[in-house]
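Proteins get letters first, then strands, A, B, ... in listed order; numbering begins at 1 in each.
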Protein chains: 2
Amino acid sequence: MGLTERKERDKAELKELILNAAKKILLKHGKEGLSIRKIATTIEYSPATIYLYFKDKDEILHELMEMGFMLMNKYMLHAFAETDPIKRIHSIGNAYVKFGLENKDWYDLMFNSDKPMKHIEKCMEDWDEGMAMFNFLAITCKEAIEQLHLRGLEERILALQLWSCVHGLVNLAQSERLEIVERNQTKELIAKTLDSMLISIFKR
Amino acid sequence: MGLTERKERDKAELKELILNAAKKILLKHGKEGLSIRKIATTIEYSPATIYLYFKDKDEILHELMEMGFMLMNKYMLHAFAETDPIKRIHSIGNAYVKFGLENKDWYDLMFNSDKPMKHIEKCMEDWDEGMAMFNFLAITCKEAIEQLHLRGLEERILALQLWSCVHGLVNLAQSERLEIVERNQTKELIAKTLDSMLISIFKR
DNA sequence: CAAAAATAATAAACACTGTTCAGTTTATCA
DNA sequence: TGATAAACTGAACAGTGTTTATTATTTTTG
């Protein structure tokens, strides 16, 4: 019987509707401005209905996070195609920062809130897209270490080092701390700093 | 007449009372758990009273932020005393990370919320303690560049690079992202990464 | 000292938030 | 058609920051 199927499709449709509304509100009003009630009024349902499709707000945020990683992946496509490990690391770094600067709300959700992590106990499974990206970076680091004969450098440490650098830079930029360093031209400042980071690690 | 003086002292006392209560709640329940109403019940006043002493919640958060910087300064004392610029940078880095890890709530308030920045339009004056610390780092960087004859390195770029590194590392640690890299022994991981960062910039 | 003016404090309300649950409406099936 | 199941919601609960009209207290003045 195709009835139950259609039922499930309907259910999936409303779920999609909720998520699309949530996405729209996120991009318009930011993480703080995203509320269950705003979603409800947007899709013209009662707030209680949303709880029939999602356990709680965190579950919605988590699904949004996954959408964010899909977007981030698009920024990484160029890096994925690069064969030379050092060039690939440069490419990843640039893509990461570009994504962060151009998608503040997504980045905020994906990297700046602990809620999605705590939702399910084992964040390993919960944050698998994030982990996949880190592993890709780590593999690239391993290749780079081998190519440059950098002995005494653990790839996971190097990967974490790189991640911290770009994450910190994006973070400082987003919370407007960079305007302390340089009032205007923050974009140039970011580019320069990112360059300096990569150069100091791989010395050109 | 000493009466107005006493009045002002009384006023200052209640202000102090409010801030102490706020601090206590911050340390017990974190940034999210800190509310005007909780402060009010703690000091046994009505919530409205608090608005006679502070413009809004942000003003309280901002004053707490300043308290946080005073605490951070204590962590930096050792670094302030160091004369060798490279050693001083190491010392600053270690102190920064130590402070961040041992004082999550303070750090969160000082470096992870944009609210205190937006409170007054010119964040330069608003965040003067933060700026002072950055300038101290930048001066140290200048000395280090001169000592190591690292031409082509701008001190403010280098300072920002260092700041991004430690800030990113502390941030990832606090939001429990490091457990992706290494389930246990995150402390060792942080120490190793910090070392690697400093070595890669100054090559031992 | 009493009346007036200034100060201090608050209760109550407003507009929000996430979440739950007892009901009501709607659709399905025998 | 009547019973059952699924979908949906109104209203409430316990919070949040903030404002305003009102009351209580203190100080100043005539």
Atom-to-atom span, [atom1] of [X] to [atom2] of [N] - whole angstrom:
{"X": "B:L34", "N": "D:dG15", "atom1": "CG", "atom2": "C1'", "value": "14 Å"}
{"X": "B:H29", "N": "D:dG15", "atom1": "NE2", "atom2": "P", "value": "12 Å"}
{"X": "B:Y53", "N": "D:dT18", "atom1": "OH", "atom2": "P", "value": "18 Å"}
{"X": "B:K55", "N": "D:dT19", "atom1": "NZ", "atom2": "C1'", "value": "14 Å"}
{"X": "A:L14", "N": "C:dT26", "atom1": "CG", "atom2": "P", "value": "17 Å"}
{"X": "B:D58", "N": "D:dT18", "atom1": "CG", "atom2": "C1'", "value": "12 Å"}
{"X": "A:K31", "N": "C:dT17", "atom1": "NZ", "atom2": "P", "value": "17 Å"}
{"X": "A:I36", "N": "D:dC8", "atom1": "CD1", "atom2": "C1'", "value": "16 Å"}

Side chain of [X] only, please: which of [options] is the nearest?
{"X": "B:K57", "options": "D:dC8, C:dA8, D:dT18", "result": "D:dT18"}
{"X": "A:A48", "options": "C:dT20, D:dG17, C:dT17", "result": "C:dT20"}
{"X": "B:L52", "options": "C:dG18, D:dT18, C:dT10", "result": "C:dT10"}
{"X": "B:T49", "options": "C:dA13, C:dT20, C:dA9", "result": "C:dA9"}
{"X": "A:K38", "options": "C:dT17, D:dT18, D:dA7", "result": "C:dT17"}

Problem set entry | Which residue lies more 5' along DNA chain D, comparing A:E44 with A:R37 via nearest heavy atoms |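 In this pair, the answer is A:E44.
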Exercise. Think B:K98 forms a cation-pi with B:Y75, using NZ or CZ under 6.0 Å from the six-ring centre and within 45 degrees of its axis?
Worked result: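 Judged by the rule (NZ or CZ under 6.0 Å from the ring centre, within 45° of its axis), B:K98 is not positioned above B:Y75.
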For [X], which contact category applies under a 4.0 Å heavy-atom criterion: base, sugar-phosphate, or nothing?
{"X": "B:F54", "result": "nothing"}
{"X": "A:S35", "result": "sugar-phosphate"}
{"X": "B:I39", "result": "nothing"}

Phosphate contact ([N] OP1 or OP2) by [X] side-chain N/O below 4.0 Å:
{"X": "A:S46", "N": "D:dC8", "answer": "no"}
{"X": "A:Y45", "N": "D:dT9", "answer": "no"}
{"X": "B:Y51", "N": "C:dA9", "answer": "no"}

Can you confirm whether or not the ring centre of [X] sits under 6.0 Å from the ring centre of [Y]?
{"X": "A:W127", "Y": "A:F134", "value": "no"}
{"X": "A:Y96", "Y": "A:Y107", "value": "yes"}
{"X": "B:F111", "Y": "B:W106", "value": "no"}

For this session: Can you label the angle between the A:H90 ring and the A:F202 ring as parallel, tilted or perpendicular, going by 30° and 60°?
Result: tilted
